[in-house]
Amino acid sequence: MDFFKPSNLMNFKNRVSYRVGLWLAACLAVTLLFFRDFFMNLPSMLQPGNLQREGVYGWGILGVCFLWLFLKKGQVARDMKAAQTNLIYAVLGISIILGSMLLPSSSNFVTVYRMLAAFLGIFALLFGRAAFIPAFLLTVYAFTLVFPVLVRPLAEGPWGQATLWMVVGLSRLLGLPMASRGEVLTVFTSSGEEISALVTYECAGQVTMGVFLAIFALMMLDAPLSRKKAIVLLLIGILGTTFQNLVRIEGILWASHFWGWE
């Protein structure tokens, strides 16, 4: 059953332009009712201090998802023209909208997810299966938010310990004057000053790994590979992401050695 035939939707013609207008109007209403404070606080969220405190990975992966959606705009447009709405998409859309409203906002990134999920639910109501690609991208974005939380026990345990061990081993191999005591690394500057750094589970690189896995998923959807090639590339990417995280930590330690706290 098509819920959006002229006879069922205030005599609107069942054309993409009308449904797009209806979608935009509904998104604006949802924004004004539930997310007005978010947009009012957005300038302060993007200030350097807040970005440093909350991280920029959420904005970065969101930008990647929007870029990928832009590249796929032709396919989405074709699906919008061909899509027929039915009871399944109506239930799915309403469920997504209700879920986004009930989800608590624990951070700015979660608020962004809730807002985009509400927009997606309305889109599914109006365009049916055309919501597949936006839904996949929103799932990728959600994955980057929950991945660090899911792997935290591992990061606090063997993953974090392995990272610490590799940082200490690489530092000594490169000749960095330092001492280690558990999770505390002490770097000696050229002037003899001692600077101590606590290598916690957050240094394990789980955020970066989540971003890599999300981008890998986008790549696989865009250019599917055989299982063997996909596994090889995935392993190379995991090793490369781990290595760049070590380079990041080493860069901080060497910077403290040459320039001190400044």
Side-chain angles (χ1 to χ4, degrees), residues 41-67 106-112 141 143-216 218 233-262:
N41 297 328
L42 186 59
S44 63
M45 297 178 194
L46 299 178
Q47 291 180 357
N50 290 328
L51 291 177
Q52 185 177 14
R53 182 170 54 255
E54 293 198 8
V56 297
Y57 71 96
W59 301 112
I61 198 64
L62 186 63
V64 171
C65 289
F66 274 116
L67 175 61
S106 57
S107 69
N108 292 330
F109 297 141
V110 175
T111 301
V112 172
Y141 177 69
F143 173 80
T144 62
L145 300 182
V146 302
F147 181 78
V149 179
L150 294 177
V151 301
R152 179 170 179 172
L154 186 62
E156 292 178 336
W159 189 357
Q161 291 297 320
T163 301
L164 177 62
W165 177 81
M166 288 187 288
V167 167
V168 173
L170 184 60
S171 297
R172 290 174 176 172
L173 181 64
L174 296 175
L176 177 66
M178 62 169 294
S180 63
R181 187 176 66 257
E183 295 181 341
V184 179
L185 302 183
T186 301
V187 178
F188 303 100
T189 68
S190 55
S191 62
E193 182 185 6
E194 296 184 5
I195 298 179
S196 295
L198 180 65
V199 182
T200 66
Y201 75 94
E202 295 176 335
C203 301
Q206 61 269 34
V207 171
T208 310
M209 188 66 69
V211 171
F212 158 70
L213 293 175
I215 295 177
F216 185 83
L218 293 178
L233 285 180
L234 178 62
L235 293 177
I236 292 175
I238 291 175
L239 292 175
T241 304
T242 301
F243 178 74
Q244 71 84 26
N245 185 55
L246 294 178
V247 171
R248 176 183 65 85
I249 300 176
E250 285 294 324
I252 295 174
L253 297 178
W254 278 97
S256 64
H257 168 66
F258 285 113
W259 295 291
W261 285 107
E262 290 78 8

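Leu213 pairs with exactly one of Thr208, Thr241, Leu234 by the side chain to side chain contact (heavy atoms under 4.5 Å, CB included) rule, that one being Leu234.
With rounding to the nearest 0.5 Å, the separation of CZ in Phe258 from CG in Leu176 is 8.5 Å. Rounding to the nearest 0.5 Å gives a distance of 10.5 Å between CD of Gln47 and CG of Leu42. Atom CG of residue Leu67 and atom CG of residue Leu62 lie 11.5 Å apart, to the nearest 0.5 angstrom. Distance CD1/Ile195 to CG/Leu253: 10.0 Å, rounded to 0.5 Å. The line from CZ of Phe216 to CD1 of Ile236 is 10.0 Å long, rounded to the nearest 0.5 Å.
For Phe109, the ring pair (Phe, Tyr, Trp, His ring centres under 6.0 Å) test picks out Tyr57, Trp59, with sequence neighbours left out. Under the side-chain hydrogen bond (donor to acceptor under 3.5 Å, both in side chains) criterion, Glu250 pairs with Ser171, Trp254, not counting sequence neighbours. By the ring pair (Phe, Tyr, Trp, His ring centres under 6.0 Å) test, Phe188 pairs with no residue at all, sequence neighbours left out. Every residue two or more places apart in sequence or in another chain that forms a side-chain contact (heavy atoms from CB on, under 4.5 Å) with Thr111 is listed here: Phe35, Phe38, Ser105. A search for side-chain hydrogen bond (donor to acceptor under 3.5 Å, both in side chains) contacts involving Arg248 returns Asn245, not counting sequence neighbours. Applying the side-chain hydrogen bond (donor to acceptor under 3.5 Å, both in side chains) test to Ser107 and every residue at least two apart in sequence or in another chain returns nothing.
When all heavy atoms of Pro148 and Val207 are compared, the closest pair comes out as CG-CG2, 3.8 Å. Here the closest heavy-atom approach between residue Val151 and residue Gln206 is recorded as CG2-CB, 3.6 Å.
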Practice problem: Apply side-chain contact (heavy atoms from CB on, under 4.5 Å) to the pair Leu185 and Leu164, showing each step before the final yes or no. | Solution: CA-CA 9 Å; Leu185 302 183; Leu164 177 62; 4.1 Å; yes
